[in-house]
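First comes the structure, then the notes that go with it.
These numbers come from the heavy atoms of this one structure, side chains and all, not from hydrogens, waters or symmetry mates.
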Amino acid sequence: METRRDRPDRSGVVVGLVLLLLVSSAAVAVAGSGGPTLAASAASSTSSPLPTRTAEAAPALGELAAPWAAIPRAPAPSSGARAVPAGVAPQGGSFLPPVSVAVGATPWLTLYDPADGDDYVLNSGSANVTILNNTSYVATVDLGYAPESAVFDDSNRCVYVAGLDSWNVSVICGTSIFTTIDVGGWVSALAYDPPTYAVYVVDYEFDNVTSWYGDEFLASTHVGTEPFGAAYDPFNGHVYVTNYGSSNVSILNGSVVAGTVRTGAGPLTPYPDPGNGYVYVPCYNSSNISVVDSLTHAVTLTVGSLPYYATYDPATEEMYFSNVASGYLSVLDGLEVVGSVYVGVTPYGATYDPTNGYVYVAGGGDDEVAVVNGTTVLGTIPAGTTAFNATYDPGNGFVYVTNLASNNVTVLNAAQHSVTVPPSGDNLPTHATWSLVVGGHTTVGTKGSSASLSVPNGTYEYFVRGPKGYVVSDLAPVGNLTVSGTTVTANGEPVSAAVFTPGQTTGTIFSRSGLPKGTPTCVVFEGEKVCVTKGTVSITNLTPATYQYSVAPLPGYSETVKVDGVAAPTSGWLTLTEKHATISVKYTPVTYALGFSETGLASGKAWTVKIKGELSGHPFAESRSSKTASISFSVPNGSFSYTVEHVKGYAWAGNGTVTVDGGPVSVPVTFAPAPAALSDRMVPVPPAAPGFDSPTLPAREPARAAPG
């Protein structure tokens, strides 16, 4: 008799992140776990039937089972989409300031329904779904369980909702539950396959995935241990299922497992990149990203601590990953990490807004949303308590942010407003320039001219610089700029003008050490990111004041920061007088234990291991010996070759290559006694030099026949 796994601990939002579920804008999918394959007879559906479908045949996909071949598609509802209410303009109009909309308890995520333009809010704490149209309440649908994943099925214009505490999938059409599907185990994720109109249901409890068309059972597929998340990849038509317990990904072509790829420890929700065909898998327990580039292979990328949520930017074809424990957003392009930007304490869900090209990141620890352009934080927008997930609605151009602890949704609009700061007086010399920096954006003015730029509603850090020999008075040189429609205030006061008067300007110098030549490192100075690949860089023409800085972390290194030779934190405040200050950063590789454990040697017998690799961009080699069963080295991330030296009386234990990636690694070494006739001649075989034949061991004598 099969036994059910214990239900996961759901006592805390942050503590239980490994078992929590999320639908992001990059992949309509969530999380999971598993067990034995579910028989077709165990799946059933109840309640009223789905809307009648037409007889139009759906396309087949790859190696799909027979029931998939004739899936009809439903017509769109004749009523069409709802009209946009008065006062809330559609995309491109005059937008209202952000608003707060009350919903159910612990709103988890939102899902956009293109059939009628509604947004479904999954309320985990109150076991129901709140339906919104723009910022207006439409209806509440009671479920009886905590909803945490959802997908939209365009074949019947219905929304499928599931939760890990239930064995059911509720099919909501409009504002009513049309049917409830009993899948037999705890549901951890849903994924939708548009070409075949199939909904994939990931079973946390029994290690399988069932597929459904409407409420009709299609197939059951056994996958890895504890399947956590799922996503459809439009690039190749496969469905990717991450298996948290077995640290791999099952790649489904219809109901067939086309491949299984090993990943880092604890893979979570997969995120397909439709631009390059890669699938990015955040690995929660190893703090890295496994990039699946084939049916059998994955590449490992090191990012921040505890990567989880992601969104895709189609304009730059880059993937953004929020790192829950380190506060940074990692930017990935293909098989490279091309940037990192600090977005605040505990960044959670993120979404891309095509109307302005910005990424919105919900930061639960800061109760706000960071607005990111590339690798620059333009500013932050206040949200509710524990802002958790952000979702873009393409129907109205709004961004919906769920707030776990305040039981509401913050609705943001992306309208940009102009910020203009004119100079005051004509005392600037001819051709002199000055600059205004708002949220990392810089605009330049000249003598007698204004400096202006356009940003969305929100609060931003700003500072004003230069020109050399002229300090800013009247308007503070640094502070917070708040934009709300056409109203712009600086530090709570209306923005008027920047007054420049003759005075001693100052600056700071950013220097670094301990890195390989050409490695880029950055410091964020009052919202402006300044990077250097070698030597130093100066930030000049500053009015003496107190400025905020932050040293961007570099994966695989720890940072030691000093300001004018005195130890300082990696982020803080720098008070500048008329004398320049120096921010120096020394980078030290983070090392991990690379251990070798032997078996087979006699007690007290000495043995030796040699390793070769790179340290801070320079080659290094190290050799260690021991009379115990273990030898250990401290090494940074990277690949290392090793050689176990010959021990007299034993066959050579060999050599190889080992990769260290964010944690300790142990390599087993087995010694076996060598035959007496060969023990004195058994030596390691070195690799062949170019142009020479490989050396070989002495030939064995032919075996003699045993005495008759």
Side-chain angles (χ1 to χ4, degrees), residues 17 22-29 109 229 231 233 267-284 287-292 299 301-366 368-381 387-392 394 399-401 412 414 439-440 456 522 524 529 552-555:
L17 277 176
L22 174 69
V23 173
S24 85
S25 60
V28 182
L109 57 90
D233 183 358
L268 303 181
T269 303
Y271 294 90
D273 183 331
N276 57 28
Y278 298 150
V279 175
Y280 296 81
V281 179
C283 300
Y284 193 84
S287 292
N288 57 29
I289 305 291
S290 291
V291 186
V292 181
V299 176
L301 300 180
T302 301
V303 292
S305 182
L306 303 186
Y308 201 149
Y309 313 106
T311 190
Y312 175 67
D313 180 347
T316 61
E317 296 187 351
E318 293 175 337
M319 191 74 71
Y320 288 76
F321 271 92
S322 57
N323 304 294
V324 173
S326 61
Y328 279 82
L329 194 68
S330 298
V331 186
L332 281 60
D333 185 359
L335 300 178
E336 294 184 276
V337 179
V338 296
S340 179
V341 56
Y342 183 77
V343 290
V345 179
T346 324
Y348 293 133
T351 191
Y352 171 77
D353 184 344
T355 63
N356 54 26
Y358 298 156
V359 173
Y360 292 76
V361 186
D366 292 326
E368 62 188 17
V369 178
V371 184
V372 179
N373 182 23
T375 56
T376 299
V377 176
L378 300 180
T380 57
I381 301 174
F388 184 65
N389 182 29
T391 305
Y392 174 74
V399 173
Y400 291 77
V401 180
L412 311 176
C522 306
V524 179
K529 189 173 185 179
L554 192 62

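- Ala390 and Val401 make their closest contact through CB-CG2, 4.3 Å (heavy atoms, listed as atom of the first residue, atom of the second, distance).
- Summarising the geometry of Ser326 relative to Gly304, their closest heavy-atom pair is OG-CA, 3.8 Å, with the distance given to 0.1 Å.
- Annotation for Tyr392 and Thr351: closest pair N-OG1, 3.1 Å, computed over non-hydrogen atoms.
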For this session: Go through the steps for Val377 and Tyr342 under the test side-chain contact (heavy atoms from CB on, under 4.5 Å), then give the verdict.
Result: CA-CA 8 Å; Val377 176; Tyr342 183 77; over 6 Å; no

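- Between Val359 and Ala350, the closest heavy-atom pair is CG1-CB, 4.2 Å.
- Pairs passing the side chain to side chain donor-acceptor pair (under 3.5 Å) check and including a residue from residues 328-341, sequence neighbours excluded, read Asn323-Ser330.
- Scanning for side-chain contact (heavy atoms from CB on, under 4.5 Å) contacts around Val331 gives Glu318, Tyr320, Val338, Thr375, with sequence neighbours left out.
- Looking at every heavy atom in both residues, Ala387 comes nearest to Glu368 through CB-O, 4.0 Å.
- Taking Tyr280 as the reference, nothing meets the ring-ring contact (aromatic ring centres under 6.0 Å, His included) condition, with sequence neighbours excluded.
- For the pair Leu332 and Val303, the minimum side-chain heavy-atom distance is below 4.5 Å.
- Applying the side-chain contact (heavy atoms from CB on, under 4.5 Å) rule to Ala552 yields the partners Cys522; only residues at least two apart in sequence or on another chain are considered.
- Within the 4.5 Å cutoff, the side chain of Val324 has heavy atoms near those of the Tyr309 side chain.
- Listed by chain and number, the residues in a side-chain hydrogen bond (donor to acceptor under 3.5 Å, both in side chains) with Asp313 are Thr316, Tyr352 (sequence neighbours excluded).
- Under a 3.5 Å cut-off, the side chain of Thr346 and the backbone N or O of Gly363 do not form any donor-acceptor pair.
- Looking at every heavy atom in both residues, Ser305 comes nearest to Ser287 through CA-OG, 3.6 Å.
- For the pair Tyr348/Asn389, no side-chain contact is recorded, criterion being any heavy-atom separation below 4.5 Å from C-beta on.
- With contacts defined as side-chain heavy-atom distances shorter than 4.5 Å, the pair Val341/Val343 qualifies.
- Atom-to-atom distance recorded for Phe388:CZ and Leu109:CG is 8.0 Å, nearest 0.5 angstrom.
- At least one side-chain heavy atom of Ile289 sits under 4.5 Å from a side-chain heavy atom of Pro307.
- Partners of Asp233 by side-chain contact (heavy atoms from CB on, under 4.5 Å), not counting sequence neighbours, listed by chain and number: Phe235, Asn236, Tyr240, Pro272, Val279.
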